[in-house]
Participant: 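Here it is, the structure, as structure tokens.
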Number of protein chains: 2
Amino acid sequence: MTKDTAPQLHLDNQLCFPVYTLSRLITQAYQPLLKALGLTYPQYLVMLVLWEADEKGELPVQVRFITEKLLLDTGTVTPLLKRMEEAGLLQRRRSSVDERVVEIYLSEQGRSLRSQAETVPFELLCRTGVDPKRGIAMRDEMLAMIRVLQQS
Amino acid sequence: MTKDTAPQLHLDNQLCFPVYTLSRLITQAYQPLLKALGLTYPQYLVMLVLWEADEKGELPVQVRFITEKLLLDTGTVTPLLKRMEEAGLLQRRRSSVDERVVEIYLSEQGRSLRSQAETVPFELLCRTGVDPKRGIAMRDEMLAMIRVLQQS
DNA sequence: GGTGGATATATTGTGCACAATATAGTTGTT
DNA sequence: AACAACTATATTGTGCACAATATATCCACC
């Protein structure tokens, strides 16, 4: 009489666990590169949003713009932006048109960081040993899952 | 004269961001199911490890066993196990053979939670709308990337 | 049998995530 | 004009993650 088993509860059979682990390991792989720029990984994501908005002439952006791009809520983003303001990467200013809104401006320091960041994605690609084609296929599958999960 | 662009820094071209987001959204999808069991997502992962060890008659396990399975360090796992002990899910006891080692035992409450958890993976599969075959393919690709990242 | 190095776990401090709630401002309706 | 409903951001509290460091124990070798 052996114990009954529940293979669907075995760690190796989970889909969630590799996603969770891969996310952590990727963040760890970025860490030394981002440390040289004085950024954490979530701060790097905010900078990606701001640099891209800058290219398109969309600055300043609202806090809401960032929360929607990154799918994070204000409870995460507000303190994140405060720390980044203290670090001199950006400015936060209440809109005079609508006092509810806080507008985010890129500082010169924040803007100039972009040129240093330009090599980061390629270096990461090398470290992870991802074949670019399969990486794109994986990315698209994940984006599809994200769309499904966002509805609930 | 337009601003120069750096497409490799655009959010939509990142591989890391979908992994990061998918991981968060999956955790959020688990949350209502796990809340009914009184577990957080990392606590659920610890329980998966313990239930599986229990099946194999490997209990008690060392803290190290859990950190290695989950690829987390003691700075994360020790307080996690303490909270789980307070919640009555497990016991922590110093080994008398080797006083450095802390042995983790499953409590009866923790063991009996397994039957309630057995339906969780299937429910998640439904919510994420994953085709099982493609899910397995994705999982294996992620595990391959994890192996590469673990070496550095 | 003492001591240097290795091992196992714990602690401290910082920065996310996120649920829940609060605050303040705006808009639409009557 | 008053006020209810809505919107944008902020705050509070809890629980991870993780780097860095500390503590305690064990083991090998002399």
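Since the model is a prediction, treat every value here as computed from it, not as a measurement. Hydrogens, waters and symmetry mates play no part in the numbers below; they use all other heavy atoms, side chains included.
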Participant: Please determine if a side-chain N or O atom of A:Lys82 lies less than 4.0 Å away from the OP1 or OP2 oxygen of D:dA10.
Facilitator: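 No.
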Participant: To the nearest 0.5 Å, what is the distance between CG on A:Leu34 and CG on A:Leu124?
Facilitator: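 One finds 8.0 Å between CG of A:Leu34 and CG of A:Leu124.
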Participant: With a 4.0 Å cut-off on N to O distance, would you call A:Asp131 and A:Lys133 a salt bridge?
Facilitator: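 Salt bridge flag = no for A:Lys133 with A:Asp131.
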Participant: How long is the line joining CD of A:Glu85 and P of C:dG15, in whole Å?
Facilitator: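 A:Glu85 atom CD is separated from C:dG15 atom P by 15 Å.
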Participant: Run the side chain to side chain donor-acceptor pair (under 3.5 Å) check on B:Glu103 and B:Tyr105 step by step: do they pass?
Facilitator: CA-CA 7 Å; B:Glu103 293 172 330; B:Tyr105 296 78; 3.1 Å; yes
Participant: Ignoring backbone atoms, establish whether A:Arg24 has a side-chain N or O less than 4.0 Å from OP1 or OP2 of D:dC18.
Facilitator: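 It does, given that an N or O in the side chain of A:Arg24 lies less than 4.0 Å from OP1 or OP2 of D:dC18.
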Participant: Let me see the working for A:Gln28 and A:Tyr30 under side chain to side chain donor-acceptor pair (under 3.5 Å), right down to the final yes or no.
Facilitator: CA-CA 5 Å; A:Gln28 287 174 31; A:Tyr30 270 102; over 6 Å; no
Participant: Side chain of B:Thr40, heavy atoms from C-beta onward: which of D:dT11, C:dT26, D:dC16 has the nearest atom to it?
Facilitator: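 Per side-chain heavy atoms of B:Thr40, the pick is D:dC16.
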Participant: Can we say B:Glu108 and B:Arg111 salt-bridge, meaning some charged N sits less than 4.0 Å from an Asp/Glu carboxylate O?
Facilitator: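 Salt bridge between B:Glu108 and B:Arg111, a charged N being under 4.0 Å from a carboxylate O: yes.
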Participant: By nearest nucleotide on DNA chain D, pick out whichever of B:Leu80 and A:Lys35 is the more 5' one.
Facilitator: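 The residue whose closest nucleotide sits nearer the 5' end is B:Leu80.
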Participant: Side chain of B:Arg100, base of C:dT7: donor and acceptor closer than 3.5 Å?
Facilitator: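 Check passes, donor-acceptor contact within cut-off.
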Participant: Anything under 3.5 Å between a protein N or O and an N or O of nucleotides 1-4 of chain C, put it in a table, one pair a line.
Facilitator:
none

Participant: Determine, using the 4.5 Å side-chain heavy-atom cutoff (strictly less than), whether A:Tyr41 and B:Leu11 are members of one ILVMFWY cluster.
Facilitator: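 Yes: a chain of side-chain contacts under 4.5 Å links A:Tyr41 to B:Leu11.
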Participant: Please determine whether a side-chain nitrogen or oxygen atom of B:Arg83 lies at a distance below 4.0 Å from atom OP1 or OP2 of D:dC16.
Facilitator: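 For D:dC16, OP1/OP2 do have a side-chain N/O of B:Arg83 under 4.0 Å.
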Participant: Please tell me which of the listed nucleotides, C:dC16, C:dA10, D:dA10, lies nearest to the side chain of B:Arg92?
Facilitator: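 The listed nucleotide nearest to B:Arg92's side chain is C:dA10.
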Participant: Just compare D:dA10, D:dT25, C:dT9 and give me whichever is closest to any side-chain atom of B:Asp98.
Facilitator: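 Ranking D:dA10, D:dT25, C:dT9 by closest atom to the B:Asp98 side chain puts D:dT25 first.
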Participant: Does B:Arg64 pair with B:Glu68 as a salt bridge, N-O distance under 4.0 Å?
Facilitator: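 Counted as a salt bridge, because a side-chain N and a carboxylate O are separated by less than 4.0 Å.
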Participant: Indicate whether OP1 or OP2 belonging to D:dA19 is found under 4.0 Å from a side-chain N or O atom of A:Gln31.
Facilitator: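 False: A:Gln31 side-chain N/O out of range (4.0 Å or more) of D:dA19 OP1/OP2.
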Participant: Any idea which of C:dT9, D:dT9, D:dA17 is nearest the B:Arg94 side chain?
Facilitator: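 Selected nucleotide (nearest to the side chain): C:dT9.
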Participant: Taking only side-chain nitrogens and oxygens of A:Thr74, does any of them come within less than 4.0 Å of OP1 or OP2 of D:dT9?
Facilitator: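 Looking at the OP1 and OP2 atoms of D:dT9, neither is under 4.0 Å from any side-chain N or O of A:Thr74.
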Participant: Below the 4.0 Å mark, does D:dA17 have OP1 or OP2 next to a side-chain nitrogen or oxygen of A:Tyr20?
Facilitator: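 Yes.
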